[in-house]
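Here's the structure we're looking at; comments come further down.
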Number of protein chains: 2
Amino acid sequence: MSQISPMKTDGSPRFRQIVEHLKQDIAEGVLPAHSALPSERAVAELYGVSRMTARRALEAMEAEGLAYSKQRKGRFVSPKRLKYDISNMVSFVADAQSGGTDLEIELVSRGKAKADRSLAPALAVTVGEELLEYTRLFRIKGHATFIETEYVIASRFPDLLTRDLRQSTTRLLEQHYRTSARSGDIVIRMRALQADEARLLGLAPHHAAIELEQVIRDKSGEAFCFGRQVWRGELAEFSAKAIVNG
Amino acid sequence: MSQISPMKTDGSPRFRQIVEHLKQDIAEGVLPAHSALPSERAVAELYGVSRMTARRALEAMEAEGLAYSKQRKGRFVSPKRLKYDISNMVSFVADAQSGGTDLEIELVSRGKAKADRSLAPALAVTVGEELLEYTRLFRIKGHATFIETEYVIASRFPDLLTRDLRQSTTRLLEQHYRTSARSGDIVIRMRALQADEARLLGLAPHHAAIELEQVIRDKSGEAFCFGRQVWRGELAEFSAKAIVNG
DNA sequence: AAACCACACTGGTATATACCAAGAGATGGT
DNA sequence: ACCATCTCTTGGTATATACCAGTGTGGTTT
């Protein structure tokens, strides 16, 4: 951390000035990725402001994606964004691992579920159809980055839940069930984290996030998997290819 | 607005309880889309909390995309999300207008620019190449929804800036320059609004937003337009199609 | 060496208060 | 009828203070 300046009167709000100062420290490498930012109380003292003002500054850092907070541990500098090509259905997991990304998968839960009114149309099954459901937490370089919940049609993938789900499911389904992904429909939106998601990602609730839903289809065009990923929005960007109509 | 309840001690923070109460009013239609939420001071009095707590509640509504604020005018209920299919390059404008969406375009600025280090590679030109640049603000049902800045190669589209830019540029370029979009490369990311963007959208700065960048190519695969859209993230969702590798 | 507990420190919540600047509407003078 | 001004309301910024609930550390006890 570089030293403070008085900078009383430059027009912009005090908390903005603090944000700019912290940004500078990050840009100059004084504060590298994943290093701790000064605490709310430390910022208050360093810059001679009240704790609420220090808090506003640090919350602005979060809102701008420059920092993330771990509950009651402190705030840390965000790393560079991860790129994710959504047009190419080759599994994100397989792709990342072959690209050398340090990716860990933690199985959070698994079980049976029944298709409800929102899932049934996506998978083209009747409401009440038995599904398998599993939720996994993905860490990149040890940092929780996104949560994925997938739903597959139970009758089509017997014993899936007894297998090791800490790997690419694309690969798993290919090897054991001769089902491979051919196309998908994807929806991306911004929304706030729910309490349980925030807990898994180690973030404060209500934090803005990116939700990515995808329906995965086989070569006959039949949907066999519905997945919902919740990403720490400041950590990723999504690329796609577009082609004129059809 | 329905009446308040004491709900002192249900475990969750006081401001959360207020959020839930307001959510309920929205879900029940007591507060329709674009209607005003009670002001910070009104919430404070209605629920018997301090203004700072009322503020936290209303800010949480914003963070969750349920409300938006107009600077110093008040907070309002967000409308339903707009769907935007990014896989189909048919112009958003043409598509929306044919679909009956009430869409207005305001030209914010236009002028010449030179390709810098970030634009030049995207458009496959040399740094310093002359470009035309224009920024437009898009309103849907009268509400500012996104800002778009497009850059095109000047030599290829003479007099473009003298034409009426309050229409689909896809159509404009087709009719006058026999250039039509065939494919595109798109990147979507979440980021915070900059001050000038916030002003145009009538929102508070630092608000989370969706940035959508696209490089548009003609039938020979040559890039002729680079566009950057900044969307109010809570107002839209983006769909895409994916196909296994290639 | 392992288990435990106390303490310091973190962010999270909350109150009360104060002043500013921008927007909206009423008021009043021309 | 028009325009300027005054006033009220709004969110935006800021201070000072208080207590709570997890986290991690270090020292003490077993």
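Just so we're on the same page: letters track the sequence lines, and every chain starts at 1. Being a predicted model, the structure only gives us computed values, none of them experimental.
- The number of heavy-atom neighbours closer than 6.0 Å to CZ of Arg163(B), taken from other residues, nucleotides and ligands shown, is above 12.
- For the side chain to side chain contact (heavy atoms under 4.5 Å, CB included) with Val19(A), the qualifying choice from Met61(A), Arg56(A), Gln24(A) is Met61(A), the only one to do so.
- In this structure, the CG atom of Leu37(A) is 19 Å from the P atom of dC9(C), given to the nearest Å.
- Between Phe146(B) and Tyr84(B), the gap from one ring centroid to the other reaches at least 6.0 Å.
- The shortest distance between the side-chain N/O atoms of Ser50(B) and the OP1/OP2 oxygens of dT17(C) is not below 4.0 Å.
- Atom-to-atom, CZ of Arg199(B) to P of dG12(D) comes out at 16 Å; the value is rounded to the nearest Å.
- The side chain of Pro13(A) lies closest to dT13(D) when the candidates are dT17(D), dT10(D), dT13(D).
- Residue contacts shown for Arg51(B) include a base, since a base heavy atom lies under 4.0 Å away.
- In this structure, Arg56(B) reaches the sugar-phosphate backbone alone: every heavy-atom distance under 4.0 Å involves primed, P, OP1 or OP2 atoms, never a base.
- Rounded to an integer number of Å, the gap from CD of Glu45(B) to C1' of dT9(D) is 13 Å.
- Note on Arg55(A): a base of the nucleic acid sits closer than 4.0 angstrom, heavy atoms only.
- Sequence order on DNA chain C of the closest nucleotides to Ala54(B) and Arg41(B) puts Ala54(B) first from the 5' end.
- Checking dG12(D), dT13(C), dG11(C) against the side-chain heavy atoms of Arg75(A) singles out dG11(C) as nearest.
- Taking atom CD on Glu40(A) and atom P on dT17(D), their separation rounds to 17 Å, with Å as the unit.
- Look at CZ on Arg14(B): it is 11 Å from C1' on dA14(C), rounded to the nearest Å.
- Summarising the geometry, the separation between CZ on Phe15(A) and C1' on dA14(D) is reported as 11 Å, rounded to the nearest angstrom.
- Under the 3.5 Å distance criterion, the side-chain polar atoms of Arg81(A) are matched with a main-chain donor or acceptor of Ala236(A).
- An OP1 or OP2 oxygen of dT10(D) is reached within less than 4.0 angstrom by a side-chain nitrogen or oxygen of Ser39(B).
- Of all heavy-atom pairs between Val49(B) and Ala54(B), the closest is CG2-N, 3.9 Å.
- Of the candidate nucleotides dG23(C), dA14(C), dT23(D), dT23(D) has the atom nearest to the side chain of Lys73(A).
- Remark: C1' of dG12(D) and CD of Glu59(A) are 14 Å apart, rounded to the nearest angstrom.
- Distances from the side chain of Arg72(A) to the nucleotides dT13(D), dG12(C), dT13(C) place dG12(C) closest.
- Computed from coordinates, the Phe76(B) CZ to dT10(D) C1' distance equals 10 Å when rounded to whole Å.
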